[in-house]
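This report concerns only the one structure given below.
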Amino acid sequence: MRLHFFPPDLFEADREHLVRLVHEIGTSCPEGASQRFILGEHTARFEEALREQLGAADVVACGSGTSALTLVLAAMEIGPGDEVVVPALGCAPLASSVVALGAVPVFADVDPWTMVVDPEVMERRITPRTKALMPAHMFSVMADMPRFTALAEAYGLRLVEDSAVAQGGVRRGVPAGLAGEAGVYSFVQVKTFGTAGEGGAVVTRDAELGRTVRMLRNHGQDGRTRFLHHRIGWNSRFDEIQAAFLLHRLPGFPARLERRARIAEHYTERFADLADHGVLAPPPGRDGRCYYVYTVQAERRDALAAHLADRGIDSHVYYPRTLPRQPAFARYAGVGVDPAAEWPAAERAGDRMLSLPVHPQLSDAEVEYLADAVREFALTS
Ligand SMILES: *Cc1c(COP(=O)(O)O)cnc(C)c1O
């Protein structure tokens, strides 16, 4: 057996369709209209399809999930002198999007089991300079958005939800992306609603914020008057071929998510008795879960990874280093601060976490093979 972390045949079933779209969009020129490769009718239809599905006020497709974070923070006028509280454990854009605007990322520790940023710790990181909170959904578990919403209200702060890995997830009836003022999605190949390339979106309940993001993604223009720049923006426009391809993939998305959830549920059941043997599964349940990757914590993590590799099973460490420990962000961690003392749960998670394949193309036999391999490691080695 050979279990890839991400399926090597990701778009096999849609290959013919993709080729047709490239041909159509690449060669068509509707009567009286100009040919459009970006921000055309397909992008508009894709945005509308997502907006309607979510019940959002606006969905703005843009260049990437990273750029979606930057656009939201910029629309909220976050800049020099401002602090944004972000998780200490997570991907680089959580900190770099803040730094790119001249603001300061302040790192908050995570929950030791879920590895998602802890609302109580985030509250302790709030200072008079704090302008926004930016929790992120991670691995298999969504952040506790009801508590972050209450925190933002109590302190009068902006709330950005990094829902890049949680599209399709729901917590207490609220879809990922819509709990805060604005959320983001990423359509990069490997994400649960990935495309054959790059892309992202801002989703929001606030129509005015949506309008501002729309302007900022295309150099501050309002979409009516060309070369009139209301604000300094970026080029974060959306590709028509990707929009058409994602529209085609949208109806199949719930079934693919359901397959991920079933696989994850099965792992969690099979790993339930391994906690005393050094392998801790994420919390069970369906509410507030998102299975972009399935992440366990293992006392002998590297030995487990090697055991799996010997059996042809890929695994990945997301993320081996906390954000304050990254050379790029160390200066925001504070002078003389000891990361192990300041962010103990994030540090410990970084040493123990291992992500396992959970993509929908896995067969039942492959899922069982992986679960057996993890059990064998925990119970006999
Ligand atoms: C992937 C990811 C991003 C960035 O999305 P890109 O489309 O890769 O730029 C941001 N935040 C989180 C939590 C992510 O996992």
Side-chain angles (χ1 to χ4, degrees), residues 5-6 10 46 50 59-74 84-101 105 107-108 110 114-117 122 132-145 148 159-169 171 176-177 179-180 182-203 213 217 234-239 242-243 245-246 260 288-295 316-323 326 328-329 346 349-350 353 355 358-359:
F5 195 79
F6 294 117
L10 191 54
F46 173 56
L50 281 187
V59 171
V60 185
C62 61
S64 67
T66 303
S67 145
L69 287 177
T70 308
L71 294 174
V72 169
L73 292 169
V84 179
V85 191
V86 304
L89 187 67
C91 62
L94 279 167
S96 62
S97 60
V98 174
V99 173
L101 294 168
F107 302 109
V110 298
T114 65
M115 297 180 275
V116 176
V117 66
M122 210 175 232
L133 306 177
M134 187 154 73
H137 308 305
M138 289 256 292
F139 310 132
S140 323
V141 183
M142 288 170 67
D144 190 346
M145 291 311 294
F148 288 113
L159 180 60
V160 182
E161 181 181 0
D162 184 346
S163 40
V165 300
Q167 186 176 357
R171 182 161 181 156
V184 307
Y185 296 152
S186 164
F187 310 130
V188 69
Q189 174 181 348
V190 294
K191 297 279 162 85
T192 48
F193 190 52
T195 190
E198 297 264 11
V202 172
V203 304
V213 168
R217 86 170 157 183
W234 287 264
N235 168 12
S236 186
R237 298 180 293 243
F238 203 72
D239 185 290
Q242 302 298 350
F245 189 54
L246 283 170
R260 283 173 181 272
R289 297 290 177 270
C290 53
Y291 294 107
Y292 164 49
V293 296
Y294 182 90
T295 307
H316 275 326
V317 178
Y318 295 71
Y319 296 90
R321 251 177 210 263
T322 60
L323 290 172
Q326 296 290 348
F329 307 124
M353 66 177 87
S355 297
V358 71
H359 62 77

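Order of appearance sets the numbers: ligands from 1, and atoms from 1 within every ligand.
Ring centroid separation for the pair Phe187 and Phe245 does not come in under the 6.0 Å cut-off.
In terms of protein heavy atoms, atom 12 (C) of ligand 1 is closest to Cys91 SG, 3.1 Å.
Not counting sequence neighbours, the partners of Thr192 by the side-chain contact (heavy atoms from CB on, under 4.5 Å) test are Phe253, Leu257, Arg260, Tyr292.
Remark: ligand 1 atoms within the under-4.0 Å shell around heavy atoms of Lys191 are 1 (C), 2 (C), 3 (C), 5 (O), 14 (C), 15 (O). In summary, the atoms of ligand 1 found under 4.0 Å from a heavy atom of Ser186, numbered by their order in the structure, are 5 (O), 6 (P), 7 (O), 8 (O). Every atom of ligand 1 with a heavy atom of Ser64 under 4.0 Å away is listed here by number and element: 7 (O), 9 (O). Numbered from 1 in the order shown, with element, the atoms of ligand 1 that lie under 4.0 Å from a heavy atom of Ala164 read 2 (C), 3 (C), 10 (C), 11 (N), 12 (C), 14 (C).
For the residue pair Thr70 / Ser97, no side-chain donor-acceptor distance below 3.5 Å is found, with atom types taken as modelled.
Listed for the Gln167 side chain is no donor-acceptor partner under 3.5 Å among the backbone atoms of Tyr185.
Counting heavy atoms only, Gly65 comes closest to atom 5 (O) of ligand 1 of the residues Gly65, Cys62, Ser97. Taking all heavy atoms of Val188, Thr66, Val293, Thr70 into account, the minimum distance to atom 4 (C) of ligand 1 is reached by Thr66. Between atom 11 (N) of ligand 1 and the options Leu94, Asp162, Val165, the minimum heavy-atom separation is to Asp162.
Checked options Val85, Val86, Val72; the residue passing with Met134 is Val86 (criterion: side-chain contact (heavy atoms from CB on, under 4.5 Å)).
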**Prompt:** Yes or no on side-chain contact (heavy atoms from CB on, under 4.5 Å) for Val160 and Leu73, after CA distance, side-chain angles and deciding distance?
**Reply:** CA-CA 8 Å; Val160 182; Leu73 292 169; 3.9 Å; yes
